[in-house]
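Residue numbers begin at 1 in each chain, while the letters A, B, ... track the order of the sequences. These numbers come from a predicted model, not from an experiment.
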Number of protein chains: 2
Amino acid sequence: MKRIAESTVRRLSAYLRFLEEFEAQGHQTISSGELAAQGGATSAQVRKDLSFFGSFGKRGLGYSVSALSSSLREILGLGRQWNVVIVGAGKIGAALAQYEGFRARGFNVVGVYDEDPARVGGTLDGVVVRDQRELEADIARLKPHIALIAVPAEAAQALVDRVVRSGIRAILNFAPTPLMVPEKVTLRSVNMALELEILSYALVNADD
Amino acid sequence: MKRIAESTVRRLSAYLRFLEEFEAQGHQTISSGELAAQGGATSAQVRKDLSFFGSFGKRGLGYSVSALSSSLREILGLGRQWNVVIVGAGKIGAALAQYEGFRARGFNVVGVYDEDPARVGGTLDGVVVRDQRELEADIARLKPHIALIAVPAEAAQALVDRVVRSGIRAILNFAPTPLMVPEKVTLRSVNMALELEILSYALVNADD
DNA sequence: ATTACCTTGTGAAATCATTCACAAGCCCGC
DNA sequence: GCGGGCTTGTGAATGATTTCACAAGGTAAT
Ligand SMILES: NC(=O)c1ccc[n+]([C@@H]2O[C@H](COP(=O)([O-])OP(=O)(O)OC[C@H]3O[C@@H](n4cnc5c(N)ncnc54)[C@H](O)[C@@H]3O)[C@@H](O)[C@H]2O)c1
Ligand SMILES: NC(=O)c1ccc[n+]([C@@H]2O[C@H](COP(=O)([O-])OP(=O)(O)OC[C@H]3O[C@@H](n4cnc5c(N)ncnc54)[C@H](O)[C@@H]3O)[C@@H](O)[C@H]2O)c1
C-alpha cells in the first residue's frame, strides 16, 4: 500500500474518537460533512482520507457509524491490546502510569522503571516501580510493544538505546532532546516546552 | 509579513535549543549544515526557514552563534517572561506545575486552579493551588498570557470559555477532546493517546 | 418505475512545503 | 588586491497535501 501521510493517520484517529461518541448517542449513519465538522476538517478531506484505505460509505446515505468505527480501529491497529513500559517514574512518568486514558484505548502499562531507590518498589495505579536494571530482562519476558521515555534529557538516548536493543519497535519520548533510533524503530516525541514556544510565537505575531 | 508555516516555527525552536548548547561549548560560528544535522533537517531547509525572517549569516562563514540565538529568541518571542496559569491540579496538572523545563525557558507558572477542596490550598513547587472560582478574578489581576488546560475532557470546553472570556489569548490543552475558541485565540492540543495510536498504526503497518 | 435529492469516491487543480542548484558574497592566504 | 574555497540566500523545480468539482450510485417518496 502507498505510504500514508501522518496528518492522515492523525485525522483518522480523531474521526474514530468522534464516531465512538456519535455511536453512543445512538446514531446509525453519519455523512462525511458531519464527521468533518468536528475536527475542523472538510468533507472532502474526510472522504479522501478514507479513500486511501477503501470504500466505506454508501452514496446518498453516508457511513454506517459502527462499521466505520470498526474499520478505523482495524486500520489503526486498535483492535487489540498493546503493552507499554514507562521508563522514568518521576513527575511525568508517574502521571502517565496512572493515566486511565491509555488503558481505555487498549494501551496497558505493564512496567514502570526508575533508578532512584526511593522510587523503586513504590506502586503506581497497581503497577510496581522496578529497578531500571531489570529493564532488559523484563522486556525479554513481557515483550511490550511500546516504550515511553520519561527520564531527564541527558539520560534519554542511553535508555532509548537499551530498549531498542531489547527489541522495542515504537517509542514515545517526553524528554526535550533529539534522539537517534535505527530506521526500523518508530520514534515520536512530545515536547511541551516547544508547544509553549509556538504559542509564544503566535502571541508576539498576533496581528490585531 | 507573510504567514509562516507551523513546521517552520517548530524547527526554529529546535535550532535555538541546539544553538544554546553549541554556544555553551564555546563555538562562535555555525553553518547551516551543522545546524541542520541536529534535528534531521537539511541545510537548505535551515537557510530557507531563516530567510523568511531576514538574512542572518555571512557567506563563506556561516552564522554567529550568539547573534543567531538572539535573533531566534526575538522571532519566537522568547526574549521575555510569559506568565502561565494551569487549570486542573490533578496528575498531569501537578506534573506540569512542577516542571522546571518551563521556567527554564521563561514560562512562569503564576497560578494553579482546581475545584476539588482536597487539592485547593495545597502547594506545588511553591505555587498554591487555588479554587477555580478565583480564576476570573486572578486572570484580571495577574494578566497571565497563557493557560494550560489539564481538567477532564468533559470540563475542558467550559474552562476554555472562561479563560477566553477573561482575556487569555493562548491555550495549551491536554484534554483529549476538540475545543472551540474564537479566531483571535491560539489553541494547541497535546493528545498523548493520539500519539500512541500513531505508534500503533506504525507497528501494524511496519513492512518487514 | 420514475423523479428529486443526497452523498460518496476520485481525478484534476490548486495550494503549500521542501529540495535543488547556483550566483553572489565573504574570508584568508599569498 | 587577487584567487581559491566555502557558505549563504533565493528563485525555480519538485514533491506532498488539500481542495475542488462532478460523475456515479444510492435512497425515498410518489
Ligand atoms: N514534569 C513535566 O510536566 C514534564 C513535561 C514535559 C516533559 N518532561 C520531561 O520528562 C522528563 C522527566 O521529567 P520529570 O519532570 O518527570 O522529572 P523527574 O525528575 O520528576 O523524573 C525523572 C525520573 O527519571 C529517573 N531517572 C533518571 N535517570 C534514570 C535512568 N537512567 N533510568 C531510569 N530512571 C532514571 C529519576 O530517578 C526520576 O525519578 C524530563 O526529560 C522532562 O524534561 C516533564
Ligand atoms: N495523567 C496523564 O498523564 C494525562 C496525559 C494526557 C492527558 N491527560 C488529560 O489531562 C486531563 C487531566 O488528567 P489527569 O490524569 O490529571 O486527571 P485527574 O483526575 O488527576 O485531574 C483532573 C483534575 O481536574 C480537576 N477538575 C475537574 N473539573 C474541574 C473544574 N471545572 N475546574 C477546575 N478543576 C477541575 C479535578 O478536581 C482534578 O484534580 C484529562 O483530560 C486527561 O485526559 C492526562
Side-chain angles (χ1 to χ4, degrees), chain A residues 1-16 18-19 22 27-72 75 198 201-202 205, chain B residues 1-16 18-19 22 27-72 75 198 201-202 205:
Chain A
M1 183 190 291
K2 206 175 133 294
R3 204 191 130 276
I4 298 300
E6 179 192 310
S7 51
T8 296
V9 178
R10 193 173 275 279
R11 283 191 300 269
L12 292 178
S13 188
Y15 303 155
L16 173 57
F18 181 57
L19 282 170
F22 209 66
H27 293 87
Q28 304 279 308
T29 62
I30 189 171
S31 70
S32 57
E34 292 170 288
L35 199 38
Q38 204 45 19
T42 66
S43 66
Q45 179 93 78
V46 170
R47 296 198 300 278
K48 180 66 88 179
D49 286 342
L50 296 175
S51 78
F52 294 130
F53 299 93
S55 174
F56 304 99
K58 278 218 191 7
R59 296 176 183 213
L61 188 58
Y63 302 87
S64 150
V65 174
S66 67
L68 186 55
S69 294
S70 298
S71 300
L72 287 180
I75 291 167
I198 297 174
Y201 175 83
N205 292 283
Chain B
M1 182 190 289
K2 208 173 132 294
R3 208 191 126 275
I4 299 298
E6 179 192 311
S7 51
T8 295
V9 178
R10 195 172 272 280
R11 283 190 301 267
L12 291 179
S13 188
Y15 302 157
L16 174 57
F18 181 57
L19 282 170
F22 210 65
H27 294 86
Q28 304 279 308
T29 63
I30 188 171
S31 69
S32 57
E34 292 170 288
L35 200 36
Q38 206 44 18
T42 67
S43 66
Q45 179 92 77
V46 170
R47 296 197 302 276
K48 180 65 89 178
D49 286 342
L50 295 176
S51 77
F52 294 131
F53 299 93
S55 173
F56 303 100
K58 279 214 191 8
R59 294 175 185 216
L61 189 58
Y63 303 87
S64 149
V65 174
S66 67
L68 186 56
S69 293
S70 297
S71 299
L72 287 179
I75 291 167
I198 296 174
Y201 175 82
N205 291 284

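- Between Phe22(A) and His27(A), the ring-plane angle classifies as parallel under the 30° and 60° cut-offs.
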Could you go through nucleotides 14-17 of chain C and list every protein N or O atom that sits under 3.5 Å from one of its N or O atoms, giving the distance for each pair?
none

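- In this structure, Lys48(A) places its NZ atom 11 Å from P of dA12(C), rounding to the nearest Å.
- Atom CD of Gln28(B) sits in a sparse spot, with 12 or fewer heavy atoms from other residues, nucleotides or ligands closer than 6.0 Å.
- When rounded to the nearest whole Å, the span between CG of Leu68(A) and P of dT8(C) equals 11 Å.
- Contact between Leu12(A) and Leu50(A) at its shortest, heavy atoms only, is CD2-CD2, 4.0 Å.
- One distance of note links CG of Asp49(B) with OG of Ser51(B); it measures 7.5 Å at 0.5 Å rounding.
- For the pair Phe52(B) CZ and dT8(D) C1', the interatomic distance rounds to 15 Å; values are reported in whole Å.
- The CG atom of Leu35(B) sits 13 Å away from the C1' atom of dT8(D) (whole-angstrom rounding).
- The minimum heavy-atom distance linking Leu19(B) with Leu72(B) is given by the pair CD1-CD1, 3.6 Å.
- When every heavy atom of Leu35(B) is checked against every heavy atom of Phe18(B), the shortest pair comes out as CD1-CD2, 3.7 Å.
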What pairs of nitrogen or oxygen atoms, one from the protein and one from nucleotides 3-7 of chain D, lie under 3.5 Å apart?
| unit_1 | atom_1 | unit_2 | atom_2 | d |
| --- | --- | --- | --- | --- |
| dT7(D) | O4' | Gly60(B) | N | 3.0 |
| dT7(D) | O2 | Gly60(B) | N | 3.2 |

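- Between Ser32(A) and Ser43(A), the shortest heavy-atom distance links the atoms OG-CB, 3.5 Å.
- Phe56(B) places its CZ atom 8 Å from the P atom of dG9(D), with the value rounded to the nearest Å.
- In this structure, OG1 on Thr8(A) lies 9.0 Å from CZ on Arg3(A), to the nearest 0.5 angstrom.
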